[in-house]
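Note on naming: letters A, B, ... go to the chains in the order of the sequence lines (proteins, then strands), and numbering restarts at 1 for each one.
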Protein chains: 2
Amino acid sequence: MRQNSNHITRHRDCADCDHQSSSFFCNMAREDLKALSINKSASIYKKGQVIFNEGNRPHGLYCIYEGKVKLSKLGDFGKEQILRMAKNGDILGYRAAVCNEKYYSTATALEDSEICHISLENFNKVLCNSTDLNFKLMKLLTTDVKESEKKILNISQKNVEERVAEALMVLYEVFGMEEDGQTINVTITRKEIGDMAGVTTESTIRKLSDFSRKGLIKIDGRKLLIPDVKKLSLVAKL
Amino acid sequence: MRQNSNHITRHRDCADCDHQSSSFFCNMAREDLKALSINKSASIYKKGQVIFNEGNRPHGLYCIYEGKVKLSKLGDFGKEQILRMAKNGDILGYRAAVCNEKYYSTATALEDSEICHISLENFNKVLCNSTDLNFKLMKLLTTDVKESEKKILNISQKNVEERVAEALMVLYEVFGMEEDGQTINVTITRKEIGDMAGVTTESTIRKLSDFSRKGLIKIDGRKLLIPDVKKLSLVAKL
DNA sequence: AAATGTGATCTAGATCACATTT
DNA sequence: AAATGTGATCTAGATCACATTT
(Lines give C-alpha, C1' and ligand atoms only; values in the text may rest on other atoms or scores of the structure.)
Protein backbone atom coordinates (compact mmCIF):
# COMPACT_ATOMS: atom_id res chain seq x y z
CA MET A 1 0.00 0.00 0.00
CA ARG A 2 2.45 2.61 1.25
CA GLN A 3 5.49 1.27 -0.52
CA ASN A 4 6.91 4.75 -0.86
CA SER A 5 7.09 5.17 2.86
CA ASN A 6 9.68 2.42 3.20
CA HIS A 7 12.54 3.43 5.33
CA ILE A 8 15.67 2.85 3.30
CA THR A 9 18.20 1.77 5.82
CA ARG A 10 21.64 1.40 4.36
CA HIS A 11 23.67 -0.19 1.68
CA ARG A 12 24.30 -3.82 2.46
CA ASP A 13 27.04 -5.68 0.68
CA CYS A 14 26.26 -9.34 -0.12
CA ALA A 15 29.95 -10.10 0.28
CA ASP A 16 29.77 -9.06 3.94
CA CYS A 17 26.25 -10.31 4.68
CA ASP A 18 25.75 -11.95 8.08
CA HIS A 19 23.28 -14.36 6.53
CA GLN A 20 25.66 -15.39 3.79
CA SER A 21 26.16 -18.91 5.05
CA SER A 22 22.48 -19.80 4.94
CA SER A 23 21.43 -17.59 2.05
CA PHE A 24 20.63 -18.47 -1.52
CA PHE A 25 23.87 -16.72 -2.44
CA CYS A 26 26.01 -18.78 -0.10
CA ASN A 27 29.39 -19.98 -1.34
CA MET A 28 29.33 -17.70 -4.34
CA ALA A 29 32.51 -16.07 -5.61
CA ARG A 30 33.27 -12.86 -3.72
CA GLU A 31 33.58 -10.89 -6.93
CA ASP A 32 30.09 -11.98 -8.01
CA LEU A 33 28.67 -10.97 -4.63
CA LYS A 34 30.38 -7.60 -4.99
CA ALA A 35 28.92 -7.19 -8.46
CA LEU A 36 25.41 -8.04 -7.20
CA SER A 37 25.70 -5.44 -4.47
CA ILE A 38 26.30 -2.45 -6.73
CA ASN A 39 23.35 -0.10 -6.28
CA LYS A 40 21.71 -2.55 -3.94
CA SER A 41 19.39 -1.04 -1.35
CA ALA A 42 17.81 -2.46 1.77
CA SER A 43 14.32 -1.38 2.82
CA ILE A 44 12.15 -2.02 5.83
CA TYR A 45 8.72 -3.41 5.03
CA LYS A 46 6.18 -3.23 7.81
CA LYS A 47 4.09 -6.26 8.73
CA GLY A 48 1.37 -6.65 6.11
CA GLN A 49 3.13 -4.48 3.57
CA VAL A 50 3.33 -5.74 0.00
CA ILE A 51 6.81 -6.17 -1.49
CA PHE A 52 5.58 -6.86 -4.99
CA ASN A 53 2.23 -7.57 -6.53
CA GLU A 54 0.99 -10.32 -8.84
CA GLY A 55 0.79 -8.95 -12.37
CA ASN A 56 3.31 -6.13 -11.92
CA ARG A 57 6.41 -5.81 -14.03
CA PRO A 58 9.52 -6.84 -12.11
CA HIS A 59 11.80 -4.04 -10.97
CA GLY A 60 14.38 -6.42 -9.63
CA LEU A 61 15.11 -9.31 -7.40
CA TYR A 62 14.58 -9.34 -3.64
CA CYS A 63 16.56 -11.04 -0.94
CA ILE A 64 15.30 -11.20 2.64
CA TYR A 65 17.95 -9.82 4.97
CA GLU A 66 15.83 -10.26 8.07
CA GLY A 67 12.18 -11.16 8.20
CA LYS A 68 9.37 -13.40 7.05
CA VAL A 69 7.39 -13.23 3.85
CA LYS A 70 4.42 -15.08 2.36
CA LEU A 71 4.03 -15.59 -1.38
CA SER A 72 0.43 -15.89 -2.41
CA LYS A 73 -1.93 -15.71 -5.32
CA LEU A 74 -5.56 -14.65 -5.54
CA GLY A 75 -8.13 -17.02 -6.99
CA ASP A 76 -11.12 -16.27 -9.14
CA PHE A 77 -12.85 -14.40 -6.54
CA GLY A 78 -10.57 -13.00 -3.98
CA LYS A 79 -9.73 -16.19 -2.15
CA GLU A 80 -6.04 -16.25 -1.32
CA GLN A 81 -3.80 -19.27 -1.77
CA ILE A 82 -0.44 -19.14 -0.03
CA LEU A 83 2.13 -20.79 -2.27
CA ARG A 84 5.32 -20.42 -0.31
CA MET A 85 6.83 -19.02 2.86
CA ALA A 86 10.22 -17.29 2.77
CA LYS A 87 12.77 -16.40 5.47
CA ASN A 88 16.21 -14.83 5.96
CA GLY A 89 18.48 -15.35 2.99
CA ASP A 90 15.69 -16.47 0.64
CA ILE A 91 15.28 -14.70 -2.67
CA LEU A 92 11.97 -13.53 -4.10
CA GLY A 93 10.80 -12.60 -7.57
CA TYR A 94 13.47 -14.58 -9.37
CA ARG A 95 11.13 -16.17 -11.85
CA ALA A 96 9.94 -12.84 -13.09
CA ALA A 97 13.55 -11.65 -13.09
CA VAL A 98 14.92 -14.59 -15.07
CA CYS A 99 12.28 -14.58 -17.77
CA ASN A 100 11.39 -10.93 -17.65
CA GLU A 101 7.79 -11.83 -17.05
CA LYS A 102 5.31 -10.22 -14.72
CA TYR A 103 5.27 -11.28 -11.08
CA TYR A 104 3.13 -14.34 -10.84
CA SER A 105 2.45 -14.04 -7.13
CA THR A 106 2.25 -11.41 -4.43
CA ALA A 107 4.89 -11.10 -1.70
CA THR A 108 3.71 -9.76 1.65
CA ALA A 109 5.73 -9.22 4.83
CA LEU A 110 4.46 -11.42 7.68
CA GLU A 111 6.39 -9.28 10.15
CA ASP A 112 8.52 -6.14 9.93
CA SER A 113 11.27 -7.18 7.54
CA GLU A 114 14.41 -5.79 6.04
CA ILE A 115 14.64 -6.77 2.42
CA CYS A 116 17.41 -6.08 -0.08
CA HIS A 117 16.69 -5.11 -3.65
CA ILE A 118 19.03 -6.15 -6.43
CA SER A 119 18.54 -4.47 -9.78
CA LEU A 120 17.56 -6.59 -12.76
CA GLU A 121 20.57 -5.36 -14.70
CA ASN A 122 23.06 -6.37 -12.05
CA PHE A 123 21.43 -9.69 -11.51
CA ASN A 124 21.32 -10.55 -15.18
CA LYS A 125 24.89 -9.39 -15.66
CA VAL A 126 26.13 -11.73 -12.94
CA LEU A 127 23.82 -14.49 -14.14
CA CYS A 128 25.37 -14.36 -17.62
CA ASN A 129 28.88 -14.76 -16.29
CA SER A 130 28.36 -17.15 -13.43
CA THR A 131 27.80 -20.81 -14.18
CA ASP A 132 27.45 -21.22 -10.46
CA LEU A 133 24.56 -18.76 -10.11
CA ASN A 134 22.97 -20.34 -13.15
CA PHE A 135 23.10 -23.74 -11.60
CA LYS A 136 21.87 -22.51 -8.22
CA LEU A 137 18.89 -20.91 -9.89
CA MET A 138 18.14 -24.00 -11.93
CA LYS A 139 18.27 -26.07 -8.77
CA LEU A 140 15.95 -23.62 -7.00
CA LEU A 141 13.44 -23.73 -9.85
CA THR A 142 13.57 -27.51 -9.85
CA THR A 143 12.82 -27.55 -6.13
CA ASP A 144 9.95 -25.13 -6.69
CA VAL A 145 8.37 -27.40 -9.28
CA LYS A 146 8.80 -30.37 -6.99
CA GLU A 147 7.22 -28.55 -4.06
CA SER A 148 4.34 -27.26 -6.17
CA GLU A 149 3.59 -30.68 -7.55
CA LYS A 150 3.65 -32.12 -4.06
CA LYS A 151 1.14 -29.46 -3.09
CA ILE A 152 -1.13 -30.42 -6.00
CA LEU A 153 -1.22 -33.99 -4.75
CA ASN A 154 -1.81 -32.89 -1.17
CA ILE A 155 -4.64 -30.52 -1.90
CA SER A 156 -6.33 -32.90 -4.27
CA GLN A 157 -5.94 -36.08 -2.24
CA LYS A 158 -5.58 -35.24 1.44
CA ASN A 159 -8.38 -34.28 3.81
CA VAL A 160 -8.63 -31.11 5.89
CA GLU A 161 -7.06 -32.66 8.98
CA GLU A 162 -4.00 -33.80 7.06
CA ARG A 163 -3.65 -30.51 5.21
CA VAL A 164 -3.88 -28.34 8.33
CA ALA A 165 -1.35 -30.55 10.10
CA GLU A 166 0.91 -30.26 7.08
CA ALA A 167 0.62 -26.46 7.02
CA LEU A 168 1.89 -26.42 10.61
CA MET A 169 4.73 -28.73 9.64
CA VAL A 170 5.67 -26.39 6.79
CA LEU A 171 5.73 -23.44 9.18
CA TYR A 172 7.96 -25.40 11.51
CA GLU A 173 10.27 -26.49 8.70
CA VAL A 174 10.63 -23.01 7.23
CA PHE A 175 10.74 -20.86 10.35
CA GLY A 176 11.91 -23.33 12.96
CA MET A 177 11.25 -23.11 16.69
CA GLU A 178 11.86 -20.40 19.25
CA GLU A 179 14.42 -20.89 22.02
CA ASP A 180 12.05 -23.13 23.98
CA GLY A 181 12.30 -25.65 21.18
CA GLN A 182 8.57 -26.09 20.72
CA THR A 183 7.00 -22.75 19.79
CA ILE A 184 6.82 -22.28 16.03
CA ASN A 185 8.87 -19.17 15.30
CA VAL A 186 6.19 -17.19 13.47
CA THR A 187 3.04 -15.25 14.27
CA ILE A 188 0.32 -16.13 11.83
CA THR A 189 -3.47 -15.93 11.70
CA ARG A 190 -5.84 -18.86 11.44
CA LYS A 191 -6.94 -17.51 8.08
CA GLU A 192 -3.38 -17.66 6.79
CA ILE A 193 -2.94 -21.24 7.95
CA GLY A 194 -6.16 -22.01 6.10
CA ASP A 195 -4.88 -20.18 3.03
CA MET A 196 -1.80 -22.38 3.04
CA ALA A 197 -3.89 -25.55 3.24
CA GLY A 198 -6.77 -24.52 0.98
CA VAL A 199 -9.24 -24.70 3.87
CA THR A 200 -11.79 -22.18 5.17
CA THR A 201 -10.92 -20.19 8.28
CA GLU A 202 -13.73 -21.83 10.26
CA SER A 203 -12.58 -25.35 9.47
CA THR A 204 -9.00 -24.37 10.27
CA ILE A 205 -10.04 -23.02 13.68
CA ARG A 206 -12.00 -26.16 14.44
CA LYS A 207 -9.14 -28.39 13.38
CA LEU A 208 -6.62 -26.48 15.51
CA SER A 209 -8.90 -26.74 18.58
CA ASP A 210 -9.21 -30.39 17.80
CA PHE A 211 -5.42 -30.82 17.61
CA SER A 212 -5.11 -28.90 20.87
CA ARG A 213 -7.68 -31.14 22.57
CA LYS A 214 -5.73 -34.17 21.38
CA GLY A 215 -2.48 -32.69 22.72
CA LEU A 216 -0.92 -32.52 19.25
CA ILE A 217 -0.37 -28.77 19.61
CA LYS A 218 -0.72 -26.11 22.28
CA ILE A 219 -2.41 -22.84 21.45
CA ASP A 220 -1.11 -19.64 23.00
CA GLY A 221 -3.05 -16.94 21.17
CA ARG A 222 -1.42 -16.55 17.78
CA LYS A 223 1.55 -18.64 18.83
CA LEU A 224 1.42 -22.37 18.24
CA LEU A 225 3.51 -24.96 20.02
CA ILE A 226 4.29 -28.45 18.80
CA PRO A 227 5.32 -30.61 21.74
CA ASP A 228 6.03 -33.61 19.55
CA VAL A 229 6.88 -32.87 15.91
CA LYS A 230 6.94 -36.52 14.97
CA LYS A 231 3.38 -37.08 16.18
CA LEU A 232 2.09 -34.15 14.15
CA SER A 233 3.93 -35.30 11.05
CA LEU A 234 2.14 -38.62 11.37
CA VAL A 235 -1.21 -36.82 11.39
CA ALA A 236 -0.09 -34.91 8.28
CA LYS A 237 0.71 -38.28 6.65
CA LEU A 238 4.12 -37.05 5.63
CA MET B 1 6.65 -53.27 -17.45
CA ARG B 2 8.35 -54.75 -20.51
CA GLN B 3 10.76 -51.94 -21.11
CA ASN B 4 13.33 -54.35 -22.44
CA SER B 5 11.10 -55.36 -25.27
CA ASN B 6 11.18 -51.89 -26.83
CA HIS B 7 11.88 -52.00 -30.50
CA ILE B 8 14.87 -49.74 -31.06
CA THR B 9 14.23 -48.22 -34.40
CA ARG B 10 17.13 -46.18 -35.62
CA HIS B 11 19.52 -43.44 -34.83
CA ARG B 12 17.85 -40.08 -35.19
CA ASP B 13 19.94 -36.96 -35.45
CA CYS B 14 18.49 -33.90 -33.68
CA ALA B 15 20.10 -31.73 -36.34
CA ASP B 16 17.94 -33.39 -39.00
CA CYS B 17 14.79 -33.88 -36.92
CA ASP B 18 11.48 -33.25 -38.70
CA HIS B 19 10.03 -31.85 -35.50
CA GLN B 20 12.90 -29.46 -34.99
CA SER B 21 10.84 -26.33 -35.59
CA SER B 22 8.34 -27.07 -32.84
CA SER B 23 10.61 -28.95 -30.49
CA PHE B 24 12.18 -27.88 -27.25
CA PHE B 25 15.48 -27.91 -29.09
CA CYS B 26 14.32 -25.59 -31.86
CA ASN B 27 16.71 -22.89 -33.04
CA MET B 28 19.66 -24.41 -31.28
CA ALA B 29 23.13 -24.30 -32.81
CA ARG B 30 23.65 -27.17 -35.25
CA GLU B 31 26.84 -28.23 -33.52
CA ASP B 32 25.00 -28.54 -30.18
CA LEU B 33 22.29 -30.61 -31.80
CA LYS B 34 24.96 -32.84 -33.32
CA ALA B 35 26.61 -33.20 -29.93
CA LEU B 36 23.31 -34.14 -28.30
CA SER B 37 22.72 -36.81 -30.91
CA ILE B 38 25.86 -38.82 -30.23
CA ASN B 39 24.77 -42.25 -28.98
CA LYS B 40 21.17 -41.15 -29.07
CA SER B 41 18.66 -43.93 -29.62
CA ALA B 42 14.99 -43.89 -30.51
CA SER B 43 12.64 -46.50 -29.09
CA ILE B 44 9.01 -47.39 -29.63
CA TYR B 45 6.89 -47.45 -26.48
CA LYS B 46 3.54 -49.18 -26.77
CA LYS B 47 0.40 -47.51 -25.48
CA GLY B 48 0.36 -47.83 -21.70
CA GLN B 49 4.07 -48.58 -21.47
CA VAL B 50 6.08 -46.74 -18.82
CA ILE B 51 9.01 -44.64 -20.06
CA PHE B 52 10.35 -43.90 -16.61
CA ASN B 53 9.08 -44.42 -13.11
CA GLU B 54 8.76 -42.10 -10.13
CA GLY B 55 11.61 -42.75 -7.73
CA ASN B 56 14.00 -44.29 -10.26
CA ARG B 57 17.44 -42.89 -10.94
CA PRO B 58 17.56 -41.00 -14.24
CA HIS B 59 19.32 -42.74 -17.08
CA GLY B 60 18.99 -39.79 -19.36
CA LEU B 61 16.70 -37.30 -20.95
CA TYR B 62 13.83 -38.17 -23.24
CA CYS B 63 12.46 -36.30 -26.21
CA ILE B 64 9.21 -37.33 -27.88
CA TYR B 65 9.80 -37.87 -31.57
CA GLU B 66 6.25 -38.91 -32.27
CA GLY B 67 3.58 -39.65 -29.72
CA LYS B 68 1.71 -38.63 -26.60
CA VAL B 69 2.76 -39.07 -23.01
CA LYS B 70 1.22 -38.40 -19.61
CA LEU B 71 3.30 -37.45 -16.59
CA SER B 72 1.71 -38.50 -13.35
CA LYS B 73 2.34 -39.15 -9.71
CA LEU B 74 0.75 -41.57 -7.29
CA GLY B 75 -0.82 -40.29 -4.08
CA ASP B 76 -0.83 -41.81 -0.65
CA PHE B 77 -2.86 -44.65 -1.66
CA GLY B 78 -2.65 -45.40 -5.30
CA LYS B 79 -4.73 -42.51 -6.60
CA GLU B 80 -3.11 -41.08 -9.68
CA GLN B 81 -2.70 -37.36 -10.34
CA ILE B 82 -1.79 -36.39 -13.89
CA LEU B 83 0.59 -33.45 -13.74
CA ARG B 84 1.34 -32.79 -17.36
CA MET B 85 0.67 -33.97 -20.90
CA ALA B 86 3.48 -34.06 -23.45
CA LYS B 87 3.59 -34.27 -27.23
CA ASN B 88 5.98 -34.32 -30.20
CA GLY B 89 9.14 -32.35 -29.54
CA ASP B 90 8.59 -32.13 -25.78
CA ILE B 91 11.33 -33.28 -23.46
CA LEU B 92 10.81 -35.45 -20.41
CA GLY B 93 12.83 -36.16 -17.30
CA TYR B 94 14.84 -32.95 -17.50
CA ARG B 95 14.43 -32.07 -13.83
CA ALA B 96 15.96 -35.33 -12.72
CA ALA B 97 18.64 -34.88 -15.38
CA VAL B 98 19.56 -31.33 -14.39
CA CYS B 99 19.82 -31.97 -10.66
CA ASN B 100 20.73 -35.62 -10.84
CA GLU B 101 17.78 -36.44 -8.63
CA LYS B 102 15.37 -39.31 -8.89
CA TYR B 103 12.44 -39.04 -11.28
CA TYR B 104 9.70 -37.25 -9.46
CA SER B 105 6.89 -38.44 -11.70
CA THR B 106 6.05 -41.36 -13.95
CA ALA B 107 5.91 -41.02 -17.73
CA THR B 108 3.50 -43.31 -19.56
CA ALA B 109 2.78 -43.49 -23.29
CA LEU B 110 -0.85 -42.57 -24.07
CA GLU B 111 -0.47 -44.10 -27.52
CA ASP B 112 2.30 -45.96 -29.37
CA SER B 113 5.14 -43.46 -29.34
CA GLU B 114 8.65 -43.12 -30.67
CA ILE B 115 10.83 -41.51 -28.05
CA CYS B 116 14.49 -40.52 -28.28
CA HIS B 117 16.87 -41.05 -25.42
CA ILE B 118 19.75 -38.65 -24.85
CA SER B 119 22.44 -39.76 -22.43
CA LEU B 120 22.97 -37.74 -19.26
CA GLU B 121 26.62 -37.23 -20.13
CA ASN B 122 25.88 -35.76 -23.52
CA PHE B 123 23.14 -33.57 -22.22
CA ASN B 124 25.21 -32.20 -19.38
CA LYS B 125 28.17 -31.67 -21.67
CA VAL B 126 26.09 -29.55 -24.03
CA LEU B 127 24.35 -27.84 -21.12
CA CYS B 128 27.70 -26.68 -19.71
CA ASN B 129 28.73 -25.09 -22.98
CA SER B 130 25.48 -23.69 -24.24
CA THR B 131 24.10 -20.54 -22.66
CA ASP B 132 21.20 -20.99 -25.03
CA LEU B 133 20.26 -24.44 -23.73
CA ASN B 134 20.71 -23.17 -20.20
CA PHE B 135 18.31 -20.36 -20.78
CA LYS B 136 15.80 -22.57 -22.58
CA LEU B 137 15.81 -24.95 -19.66
CA MET B 138 15.43 -22.16 -17.14
CA LYS B 139 12.51 -20.83 -19.12
CA LEU B 140 10.93 -24.29 -19.25
CA LEU B 141 11.31 -24.74 -15.50
CA THR B 142 9.79 -21.32 -14.91
CA THR B 143 6.79 -22.27 -17.03
CA ASP B 144 6.46 -25.52 -15.13
CA VAL B 145 6.33 -23.70 -11.79
CA LYS B 146 3.76 -21.28 -13.21
CA GLU B 147 1.58 -24.10 -14.53
CA SER B 148 1.84 -26.07 -11.31
CA GLU B 149 0.88 -23.10 -9.20
CA LYS B 150 -2.06 -22.41 -11.48
CA LYS B 151 -3.11 -26.01 -10.93
CA ILE B 152 -2.90 -25.59 -7.15
CA LEU B 153 -5.29 -22.66 -7.36
CA ASN B 154 -7.62 -24.53 -9.69
CA ILE B 155 -7.85 -27.71 -7.68
CA SER B 156 -8.23 -25.86 -4.41
CA GLN B 157 -10.73 -23.23 -5.56
CA LYS B 158 -12.66 -24.48 -8.58
CA ASN B 159 -15.54 -26.93 -8.53
CA VAL B 160 -15.78 -30.23 -10.39
CA GLU B 161 -17.59 -28.74 -13.38
CA GLU B 162 -14.90 -26.10 -13.90
CA ARG B 163 -12.06 -28.55 -13.41
CA VAL B 164 -13.41 -31.14 -15.85
CA ALA B 165 -14.02 -28.42 -18.44
CA GLU B 166 -10.49 -27.21 -17.89
CA ALA B 167 -9.03 -30.69 -18.33
CA LEU B 168 -10.70 -30.83 -21.75
CA MET B 169 -9.28 -27.41 -22.57
CA VAL B 170 -5.80 -28.58 -21.60
CA LEU B 171 -6.16 -31.62 -23.86
CA TYR B 172 -7.21 -29.34 -26.69
CA GLU B 173 -4.36 -26.92 -26.05
CA VAL B 174 -1.68 -29.60 -25.87
CA PHE B 175 -2.82 -32.01 -28.57
CA GLY B 176 -4.95 -29.80 -30.78
CA MET B 177 -7.79 -30.92 -33.03
CA GLU B 178 -8.01 -33.56 -35.73
CA GLU B 179 -8.58 -32.55 -39.37
CA ASP B 180 -12.28 -31.88 -38.75
CA GLY B 181 -11.28 -29.03 -36.48
CA GLN B 182 -13.38 -30.12 -33.54
CA THR B 183 -12.30 -33.57 -32.42
CA ILE B 184 -9.65 -33.42 -29.70
CA ASN B 185 -6.62 -35.20 -31.10
CA VAL B 186 -6.17 -37.76 -28.35
CA THR B 187 -7.80 -40.94 -27.12
CA ILE B 188 -8.15 -40.88 -23.39
CA THR B 189 -10.25 -42.63 -20.77
CA ARG B 190 -12.71 -40.96 -18.42
CA LYS B 191 -10.54 -42.03 -15.53
CA GLU B 192 -7.58 -40.17 -17.01
CA ILE B 193 -9.61 -37.01 -17.49
CA GLY B 194 -10.61 -37.33 -13.84
CA ASP B 195 -6.98 -37.87 -12.84
CA MET B 196 -6.06 -34.63 -14.58
CA ALA B 197 -8.79 -32.73 -12.73
CA GLY B 198 -8.56 -34.45 -9.34
CA VAL B 199 -12.08 -35.84 -9.70
CA THR B 200 -13.44 -39.39 -9.33
CA THR B 201 -14.20 -41.35 -12.49
CA GLU B 202 -17.93 -41.41 -11.69
CA SER B 203 -18.16 -37.66 -11.29
CA THR B 204 -16.14 -37.17 -14.47
CA ILE B 205 -18.51 -39.42 -16.42
CA ARG B 206 -21.55 -37.57 -15.07
CA LYS B 207 -20.03 -34.21 -15.88
CA LEU B 208 -19.14 -35.22 -19.43
CA SER B 209 -22.70 -36.50 -20.02
CA ASP B 210 -23.90 -33.22 -18.60
CA PHE B 211 -21.69 -31.23 -20.97
CA SER B 212 -22.90 -33.38 -23.84
CA ARG B 213 -26.55 -32.76 -22.91
CA LYS B 214 -25.86 -29.03 -22.85
CA GLY B 215 -24.18 -29.22 -26.28
CA LEU B 216 -20.81 -28.11 -24.91
CA ILE B 217 -19.16 -31.27 -26.19
CA LYS B 218 -20.05 -34.27 -28.33
CA ILE B 219 -19.13 -37.74 -27.18
CA ASP B 220 -18.05 -40.33 -29.71
CA GLY B 221 -16.85 -43.21 -27.57
CA ARG B 222 -13.41 -42.26 -26.33
CA LYS B 223 -13.20 -39.37 -28.75
CA LEU B 224 -14.45 -36.00 -27.56
CA LEU B 225 -15.51 -33.13 -29.80
CA ILE B 226 -15.66 -29.48 -28.83
CA PRO B 227 -17.96 -27.63 -31.24
CA ASP B 228 -17.27 -24.27 -29.63
CA VAL B 229 -14.00 -23.94 -27.77
CA LYS B 230 -14.86 -20.50 -26.48
CA LYS B 231 -18.05 -21.72 -24.81
CA LEU B 232 -16.22 -24.50 -23.04
CA SER B 233 -13.49 -22.15 -21.87
CA LEU B 234 -16.19 -20.01 -20.27
CA VAL B 235 -17.46 -23.02 -18.34
CA ALA B 236 -13.87 -23.70 -17.23
CA LYS B 237 -13.70 -20.08 -16.02
CA LEU B 238 -10.41 -19.55 -17.83
C1' DA C 1 -12.20 -3.53 13.92
C1' DA C 2 -10.35 -7.67 12.97
C1' DA C 3 -9.53 -12.28 14.55
C1' DT C 4 -11.29 -16.16 16.93
C1' DG C 5 -14.72 -19.36 18.15
C1' DT C 6 -19.01 -22.19 17.84
C1' DG C 7 -23.40 -24.02 16.78
C1' DA C 8 -26.88 -25.13 12.89
C1' DT C 9 -27.61 -26.22 8.23
C1' DC C 10 -26.68 -27.41 3.59
C1' DT C 11 -24.72 -29.61 -0.41
C1' DA C 12 -21.23 -30.97 -3.81
C1' DG C 13 -19.15 -34.67 -4.78
C1' DA C 14 -17.38 -39.07 -2.93
C1' DT C 15 -18.58 -43.79 -2.17
C1' DC C 16 -21.03 -47.98 -3.03
C1' DA C 17 -23.22 -51.25 -5.78
C1' DC C 18 -24.51 -52.85 -9.97
C1' DA C 19 -25.88 -52.95 -15.00
C1' DT C 20 -24.26 -52.15 -19.66
C1' DT C 21 -21.00 -51.40 -23.32
C1' DT C 22 -16.60 -51.81 -25.72
C1' DA D 1 -11.84 -57.72 -18.58
C1' DA D 2 -11.78 -53.08 -18.44
C1' DA D 3 -14.31 -48.91 -19.30
C1' DT D 4 -18.60 -46.62 -19.13
C1' DG D 5 -22.84 -45.42 -17.05
C1' DT D 6 -26.40 -44.66 -13.43
C1' DG D 7 -29.09 -44.69 -9.35
C1' DA D 8 -28.97 -44.48 -4.01
C1' DT D 9 -26.70 -43.00 -0.01
C1' DC D 10 -23.51 -40.70 2.87
C1' DT D 11 -20.53 -37.20 4.78
C1' DA D 12 -16.69 -33.92 5.04
C1' DG D 13 -16.35 -29.59 4.99
C1' DA D 14 -18.38 -25.26 3.26
C1' DT D 15 -21.59 -21.72 4.35
C1' DC D 16 -24.23 -18.86 7.40
C1' DA D 17 -25.04 -16.33 11.42
C1' DC D 18 -23.67 -14.74 15.53
C1' DA D 19 -21.08 -14.30 20.09
C1' DT D 20 -16.62 -13.51 22.16
C1' DT D 21 -11.85 -12.16 22.42
C1' DT D 22 -7.75 -9.51 21.19
Side-chain angles (χ1 to χ4, degrees), chain A residues 1 46-49 70 75-82 108 110-111 154-168 186-213 217-224 235 237, chain B residues 1 46-49 70 75-82 108 110-111 154-168 186-213 217-224 235 237:
Chain A
M1 316 251 111
K46 290 274 172 201
K47 179 176 175 158
Q49 234 185 322
K70 67 172 171 182
D76 262 355
F77 219 107
K79 198 169 144 53
E80 186 177 351
Q81 173 69 48
I82 295 180
T108 311
L110 280 178
E111 59 181 44
N154 282 343
I155 292 193
S156 110
Q157 302 192 6
K158 288 188 171 181
N159 64 25
V160 161
E161 168 153 301
E162 291 158 351
R163 270 141 62 204
V164 172
E166 204 200 352
L168 299 180
V186 68
T187 306
I188 195 170
T189 65
R190 309 287 195 262
K191 176 179 177 299
E192 284 169 325
I193 295 171
D195 289 344
M196 292 175 74
V199 173
T200 58
T201 309
E202 293 95 324
S203 293
T204 306
I205 289 170
R206 280 186 242 258
K207 211 34 94 175
L208 289 179
S209 314
D210 194 40
F211 287 166
S212 168
R213 238 174 288 122
I217 63 169
K218 282 179 202 153
I219 299 180
D220 176 15
R222 227 155 281 174
K223 282 288 182 185
L224 300 170
V235 174
K237 299 249 171 75
Chain B
M1 316 258 113
K46 290 276 170 199
K47 177 175 177 160
Q49 233 185 322
K70 67 172 172 180
D76 262 354
F77 217 110
K79 200 169 142 52
E80 186 176 351
Q81 174 68 49
I82 294 179
T108 312
L110 281 176
E111 59 182 40
N154 282 344
I155 292 193
S156 110
Q157 301 191 6
K158 290 188 168 178
N159 63 26
V160 162
E161 169 151 302
E162 290 158 351
R163 270 143 60 204
V164 172
E166 205 202 352
L168 299 180
V186 67
T187 306
I188 195 172
T189 65
R190 310 287 195 261
K191 174 178 179 300
E192 283 169 325
I193 295 171
D195 289 344
M196 293 175 75
V199 173
T200 57
T201 309
E202 292 95 322
S203 293
T204 306
I205 288 170
R206 281 186 241 260
K207 211 35 94 176
L208 289 178
S209 313
D210 193 42
F211 288 165
S212 168
R213 240 174 284 119
I217 63 170
K218 282 179 203 154
I219 298 179
D220 177 13
R222 227 156 283 176
K223 281 287 182 185
L224 299 169
V235 174
K237 299 251 171 71

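In this structure, A:Lys158 contributes its side chain and A:Glu166 its backbone to no donor-acceptor pair below 3.5 Å. The backbone N or O of B:Met196 lies less than 3.5 Å from a partner atom in the side chain of B:Gln81, making a donor-acceptor pair. The backbone N or O of A:Ile205 lies less than 3.5 Å from a partner atom in the side chain of A:Ser209, making a donor-acceptor pair.
When the shell of 6.0 Å around NZ of A:Lys218 is examined, it contains 12 or fewer heavy atoms from other residues, nucleotides or ligands.
Side-chain contact between A:Thr201 and A:Thr189 is absent, with no heavy atoms from C-beta onward closer than 4.5 Å. Proximity of B:Ile193 to B:Leu224: side-chain heavy atoms (C-beta onward) are separated by under 4.5 Å at one or more points. In this structure the side chain of B:Val160 never reaches within 4.5 angstrom of the side chain of B:Arg206, judged on heavy atoms.
Rounded to the nearest 0.5 angstrom, A:Glu161 CD and A:Lys207 NZ are separated by 4.5 Å. Remark: B:Lys46 NZ to B:Glu111 CD distance equals 12.0 Å, nearest 0.5 Å. Atom NZ of B:Lys223 sits about 3.5 Å away from atom OG1 of B:Thr187, to the nearest 0.5 Å.
Within residues 187-194 of chain B, no residue is approached by DNA chain C to less than 4.0 Å at the level of any non-hydrogen atom. Only B:Asn159, B:Val160, listed by number, bring a heavy atom of residues 159-166 of chain B to less than 4.0 angstrom from any atom of DNA chain C.
Partners of B:Lys79 according to the side-chain contact (heavy atoms from CB on, under 4.5 Å) rule, which considers only residues two or more places apart in sequence or in another chain, are A:Gln157.
Residue pairs meeting the salt bridge (charged side-chain N to carboxylate O under 4.0 Å, His left out) criterion with at least one partner in residues 189-199 of chain A, sequence neighbours excluded, are A:Lys70-A:Glu192, A:Glu80-A:Lys191, A:Lys191-A:Asp195.
Within 4.0 Å (heavy atoms only), A:Arg206 reaches at least one base atom of the nucleic acid.
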Could you write out DNA chain C as dot-bracket? Rules: Watson-Crick or G-U wobble, both distances under 3.5 Å, brackets [ ] for crossings, | for pairs with another strand, dot for unpaired. ||||||||||||||||||||||
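Scanning DNA chain D 5' to 3' for nucleotides with an atom closer than 4.0 angstrom to a non-hydrogen atom of chain B gives a first and last hit of D:dA3 to D:dA8.
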